[in-house]
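First up is the structure itself, then whatever we jot down about it.
The chains referred to below are lettered A, B, ... by the order of the sequence lines, with proteins before strands, and numbering in each begins at 1. What you see is a predicted model, and the numbers here were worked out from it, not measured in a lab.
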Number of protein chains: 2
Amino acid sequence: MHQLKFERIPRATISRLAVYVQELEVMEQQGIKVISSEKLAQLCGVNPSQIRKDLAYFGEFGVRGVGYYVHELREAIRQSLGLDRTWNVVLVGVGNLGRALLRHNLLRKRGFVIVAAFDCDPFKIGEEIAGLEVNCTSKLPKSTRDMNVEIGIITTPPERAQRAANYLMEGGIKGIVNFAPSRISTPENISVEYVDFINHMFSVAFNITQKQIRGLL
Amino acid sequence: MHQLKFERIPRATISRLAVYVQELEVMEQQGIKVISSEKLAQLCGVNPSQIRKDLAYFGEFGVRGVGYYVHELREAIRQSLGLDRTWNVVLVGVGNLGRALLRHNLLRKRGFVIVAAFDCDPFKIGEEIAGLEVNCTSKLPKSTRDMNVEIGIITTPPERAQRAANYLMEGGIKGIVNFAPSRISTPENISVEYVDFINHMFSVAFNITQKQIRGLL
DNA sequence: CTGCCATTGTTAAAAAATTCACTATGCATC
DNA sequence: GATGCATAGTGAATTTTTTAACAATGGCAG
């Protein structure tokens, strides 16, 4: 019998669960009803044990000898991750990336609703993007409190990321996703995630270089 | 005396090195000449030993009793990562995100030059964005070979990511950075990185939920 | 209802990554 | 030139994560 665990759940597990959800969704669309950890692992590029272990942190979702029911598993993971609800989000920094996110429908599809956008550039304030009017950043703290916002997205230039974070915290936000390529400092109780695509460019560049070097040996 | 190591370098090390470079750049702009692993660690939110170990994979860059010379260290890391050159890049999928990346100047600043953009939507073909004309994806393989492109960025919808990847591979590309939320399958010799911001949204949502649950106990 | 098969859940082992603790060494001071 | 101090580099210990192996069990066939 499974019992609730209070083990710390590895970060990597969470990000793999997100991948599983994605793949399960695709399968569901394709009409696949049942999947084994073996097959799912193959699709996600991980080890089957890994999947079973990841899921074990949250409960028993499979049927021995059969596998996992696709829809059921997807729902179970979504619930485990706290995605069976909507989250109000605000965005700070209406540059290229900010605009792209405002117009991106995947966020909404996943339950993240951007309810306000802020920028400190007077030329941008008042502009309407994807049905939202850009507001002055100074109004952020009050707005987020009024609108019950829990998550902030930072898409400012790096040098303004910390200031954006401060406004967000003043507004009582609990989590920040920072797209700016700079670290921000926050108290322990705020969870911060960095989306650092340059980082990934670096990794690819490095891997290619390495392969070339190895190839020469 | 340090000697070249052929140990496998952890992925996490690479992504931390990218962070170090960022922070070192900021320091350099602020006129800071020397930094200790202790201080740098604090800024990057990691352990000082971690920094020293990460650097040790590539060489000895510090001065005992003093620390690291900021400019020198930054250059050393850039060189170690293979960033002391420019990389030709193509982008597939000119949606919101694709456009944002095309207009984003950080890529170029880091030596990643987007030399062509592709999309399969006839309405987008011919459009000019950030000085680049959008081309039909069918032309991709020839173009990338002609232009000596090594890295491809995928910003298509998830269901078209694999197709984009196939075109890129046909074009002889060596690395892919996939912004679409779907896994792609590639042979071993292609290095693939996933930039999955939804993933990070999930993580933040999960962390907030967890804290609330713990708070109730 | 019994027994077999497939596949999960779980425990143990292995591998990898991180942190600690200490050694080595460059610089500054006297 | 010797001494002390600060901090890098490094090997060992610890912790974390991943993988492997296997025991448990639900479903299905007969």
A/Arg64 CZ to C/dT10 P, straight-line distance once rounded to whole Å: 7 Å
Under 4.0 angstrom between A/Ser37 side-chain N/O and C/dT8 OP1 or OP2: yes
Parallel, tilted or perpendicular, as decided by the 30° and 60° cut-offs, for the rings of A/Phe112 and A/Trp87: parallel
Between A/His104 and B/Phe197, ring centroids under 6.0 Å: yes
Enclosure of B/Gln42 CD (heavy-atom neighbours >12, cutoff 6.0 Å): no
Distance in angstrom units between A/Arg52 CZ and C/dA12 P, rounded: 16 Å
5' priority, DNA chain D, between A/Val66 and A/Val46 [closest heavy atom]: A/Val46
Out of C/dT11, D/dT17, D/dT7, whichever nucleotide has its closest atom nearest the side chain of A/Lys53: C/dT11
A/Gln50 CD to D/dT17 C1', straight-line distance once rounded to whole Å: 8 Å
Short side-chain donor-acceptor distance under 3.5 Å, A/Glu170 and A/Asn166: no
Whole-Å gap separating P (D/dG9) and CD (B/Glu38): 15 Å
Separation of C/dT10 P from A/Phe58 CZ (nearest whole Å): 14 Å
Minimum-distance nucleotide (side-chain atoms of B/Ser49 versus D/dT10, D/dA20, C/dC20): C/dC20
Nucleotide D/dG26, atom C1' - distance to OH of A/Tyr69 in whole Å: 9 Å
Residues B/Tyr194 and B/Asn199: side-chain donor-acceptor under 3.5 angstrom: no
A/Tyr68, nearest nucleotide to its side chain (from C/dT8, D/dA8, D/dA20): C/dT8
Given C/dA17, D/dT10, D/dT18, the nucleotide with the shortest approach to the side chain of B/Arg8: C/dA17
Interatomic distance, B/Glu60 CD vs C/dT23 C1' [rounded to whole Å]: 13 Å
Whole angstrom value for the distance that separates P of C/dT8 from OH of A/Tyr20: 13 Å
Sugar-phosphate, base or nothing in reach of A/Gly65, heavy atoms under 4.0 Å: base
Candidate nucleotides D/dT18, D/dT10, C/dT18, ranked by approach to the side chain of A/Arg16 - the nearest: D/dT18
Selected nucleotide, minimal atom distance to A/Ala12 side chain, candidates D/dT18, D/dA20, C/dT10: D/dT18
5' precedence on DNA chain D between A/Pro10 and A/Val63 (nearest-nucleotide basis): A/Pro10
